[in-house]
Amino acid sequence: MLDQRLVRENPKLIARELSRRGIEVDVITLQKIAQQQRDIQEERSNLQAVGKQIGKEVGQKIQMGLDPKSNEVTELRLRGNEIKAKVANLEEREKTISSNLKEKLLGLPNLPSKECPNGKNEKDNQEIRFWGNPRKEKNLKEHWEIGQQLELFDTERSAKISQSRFVTLINQGARLERALINFMLDLHVAKGYKEVLPPVLVNTASLTGSGQLPKFAEESFQCSDDDLWLTPTAEVPVTSLHRDEIIPFNQLPLRYVAYSPCFRREAGSYGRDTRGLIRLHQFNKVELYWFVHPKESKASHLQLTNDAEAVLQALELPYRVIDLCTGDLGFSASRTFDLEVWLPAANTYREISSCSICDAFQARRSSIRTKEGQNTQLIHTLNGSGLAVGRTMAALLENGQRSDGSVDIPKALVPYFGASQLKPK
RNA sequence: GGAGAGGUGGCCGAGCGGUCGAAGGCGCAGCACUGGAAAUGCUGUAUAGGGGCAACUCUAUCGAGGGUUCGAAUCCCUCCCUCUCCGCCA
């Protein structure tokens with residue numbers, strides 16, 4: 001959420017920055033609403049001060065022994081009633097206006113950072129760096145073909161259990177998924193991350209706090225009988241881990257690594273990535289999440305990205321790092337580095353981690369602050385996958401495949417998986 | 001699901017219609033004392049939003065929302081949450 005003070009004092013800046021994202025907002029109306037809200041608030045609190053004073057006087061007079069039925073007291077009571085009516089009226093207007101303002105503000109995305117390159121869509125994203133040597137031979141198999149041959153997973157039967165876009169992992173496939181999750185968690189914990197395993201049913205306040213609601217309700221699965229949703233990413237519960245808290249400055253940064261299954265409706269992606277493990281309604285992900293002091297957030301963003309990259313490097317998977325342009329930025333982010341892993345069969349790089357800095361955007365929605373002396377301020381939040389597990393498996397299968405039908409398991413993963421190869425039966 | 005108890009500041013805990021943002025304690029910070037520390041003493045110590053260059057000041061907040069009242073942490077209603085016992089259950 002954007003700062004209301006900024007809305008009042010510098011709406012043009014908001015308009016300019018949001019237009020970098022390709023969003024045009026009527027900031028003048030917004031400013032008017034914000035100003036109106038503050039004016040009414042001021043009038044109301046001044047009236048309340050008078051009412052409070054009358055209340056005190058009545059109390060004093062009665063305690064001094066004046067008859068509560070006397071004209072003097074009755075007159076004060078009548079004045080009190082008058083003010084009460086006026087205050088009630090103002091309160092109602094104030095409520096309407098501020099909920100209207102809040103609704104509008106909750107629907108606006110974060111402002112892109114200065115460093116974020118301008119652009120319209122993914123074509124304007126910038127390549128920052130490459131790692132590894134991508135395999136370029138022809139006739140490499142797609143991962144779902146490998147999966148079928150080695151009996152690692154079953155998507156057809158999963159449609160029977162659930163719908164399309166679900167998978168059942170089988171045999172070595174299930175074992176590999178489990179190995180990957182443990183491997184990633186251990187890698188991050190060794191770097192000082194605190195491991196958490198959060199609930200995956202989250203309430204509306206949590207989804208609003210991290211930015212998924214109110215705008216993207218159609219992207220999440222909702223439990224109709226409760227105020228609960230299936231989380232689309234561990235980012236949601238981990239943000240709310242510290243919702244409505246003040247974190248002492250000397251405890252920052254807080255760095256969490258959270259494994260969770262993730263649930264996404266993938267509305268509007270009909271026909272895209274219909275095969276394999278790339279786009280599922282349910283997938284596993286290990287998420288990195290930092291709560292940091294504002295002055296350290298930019299450096300932390302680079303560090304978090306490096307920590308996510310370390311997984312790909314340890315698994316010997318070639319990748320590139322992309323600096324997302326303003327038009328391709330997610331709702332809460334002010335800048336994002338995407339890690340894209342090499343998928344040789346498709347001869348392309350695919351997103352496997354999205355490392356974002358959200359500045360105070362989520363912190364303001366979630367009311368997460370830090371305090372140094374008397375100075376209380378919003379913290380900054382950062383998140384990134386480390387990594388999306390299903391896509392990692394897809395990349396491992398495609399990159400590790402051999403002409404005899406087996407797949408090499410990267411050395412770092414062997415202790416977790418228990419074998420150095422996946423072999424056909 | 002049934003029965004009962006309860007939700008007050010960072011924590012514990014008092015207040016149960018009047019000047020209460022809230023006693024007391026713990027914790028924390030500063031100062032004094034000390035060679036240094038402990039102990040002790042003094043002072044300070046919530047959040048949000050307004051106004052003011054500032055000192056400071058106004059309003060709201062005692063789980064949430066409504067109600068009664070000139071006045072509510074205190075009374076009434078609804079909801080949420082926590083705890084104990086019983087039932088069910090991995």
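Sequence lines set the chain letters: A, B, ... in the order given, protein chains first and strands last, and positions in each chain run from 1. It should be emphasised that the depicted structure is a prediction, and the values quoted were computed from it without experimental measurement.
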Give [X] one of three labels, base, sugar-phosphate or nothing, depending on what nucleic acid heavy atoms sit under 4.0 Å from its own.
{"X": "Gln4(A)", "answer": "nothing"}
{"X": "Thr376(A)", "answer": "sugar-phosphate"}
{"X": "Glu57(A)", "answer": "nothing"}
{"X": "Lys61(A)", "answer": "nothing"}
{"X": "Arg44(A)", "answer": "sugar-phosphate"}

Legend entry - side chain to side chain donor-acceptor pair (under 3.5 Å), paired with Thr336(A), selected from Ser356(A), Ser113(A), Ser354(A):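 It is Ser356(A); the other options fail the test.
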Could you please name the option among [options] that lies closest to any side-chain atom of [X]?
{"X": "Arg369(A)", "options": "G18(B), U47(B), U59(B)", "result": "U47(B)"}
{"X": "Gln41(A)", "options": "G49(B), G18(B), A48(B)", "result": "G49(B)"}
{"X": "Lys56(A)", "options": "A60(B), U19(B), G18(B)", "result": "U19(B)"}
{"X": "Gln60(A)", "options": "U47(B), A60(B), U19(B)", "result": "U19(B)"}
{"X": "Ile246(A)", "options": "U47(B), C70(B), G51(B)", "result": "U47(B)"}
{"X": "Ala49(A)", "options": "U59(B), C70(B), U47(B)", "result": "U59(B)"}
{"X": "Gln63(A)", "options": "G18(B), U47(B), U59(B)", "result": "G18(B)"}

Basic-acidic side-chain contact under 4.0 Å: [X], [Y]:
{"X": "Arg165(A)", "Y": "Glu266(A)", "value": "no"}
{"X": "Glu17(A)", "Y": "Arg20(A)", "value": "yes"}
{"X": "Asp323(A)", "Y": "Arg335(A)", "value": "yes"}

Look at [X] and [N] and indicate whether a side-chain polar atom (N or O) is within less than 4.0 Å of OP1 or OP2.
{"X": "Lys84(A)", "N": "G71(B)", "answer": "yes"}
{"X": "Arg38(A)", "N": "G51(B)", "answer": "yes"}
{"X": "Lys95(A)", "N": "G66(B)", "answer": "yes"}
{"X": "Asn81(A)", "N": "C70(B)", "answer": "yes"}

Measuring only the [atom1] atom in each nucleotide, how far is [N] from [M]? A whole number of Å is fine.
{"N": "C12(B)", "M": "G65(B)", "atom1": "P", "value": "22 Å"}
{"N": "A23(B)", "M": "U19(B)", "atom1": "P", "value": "13 Å"}
{"N": "G67(B)", "M": "U74(B)", "atom1": "C1'", "value": "15 Å"}
{"N": "U47(B)", "M": "C53(B)", "atom1": "P", "value": "24 Å"}
{"N": "G9(B)", "M": "A3(B)", "atom1": "P", "value": "30 Å"}

Inset, instruction - Take Ile97(A) and Ile33(A), measure what side-chain contact (heavy atoms from CB on, under 4.5 Å) needs, and give me the verdict at the end. - result: CA-CA 7 Å; Ile97(A) 289 169; Ile33(A) 298 171; 3.8 Å; yes
Legend entry - Residue matched to C53(B) through Watson-Crick or wobble contacts both under 3.5 angstrom: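 Pairing partner, where one exists within any strand: none, as none qualifies.
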Legend entry - Base paired to C28(B) (Watson-Crick or G-U; both N/O distances under 3.5 angstrom):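 Because both required distances fall under 3.5 Å, C28(B) counts as paired with G44(B).
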Legend entry - Residue of the set Val25(A), Leu18(A), Leu2(A) for which side-chain contact (heavy atoms from CB on, under 4.5 Å) holds with Pro109(A):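 Going through Val25(A), Leu18(A), Leu2(A) one by one, the side-chain contact (heavy atoms from CB on, under 4.5 Å) with Pro109(A) is satisfied by Leu18(A) alone.
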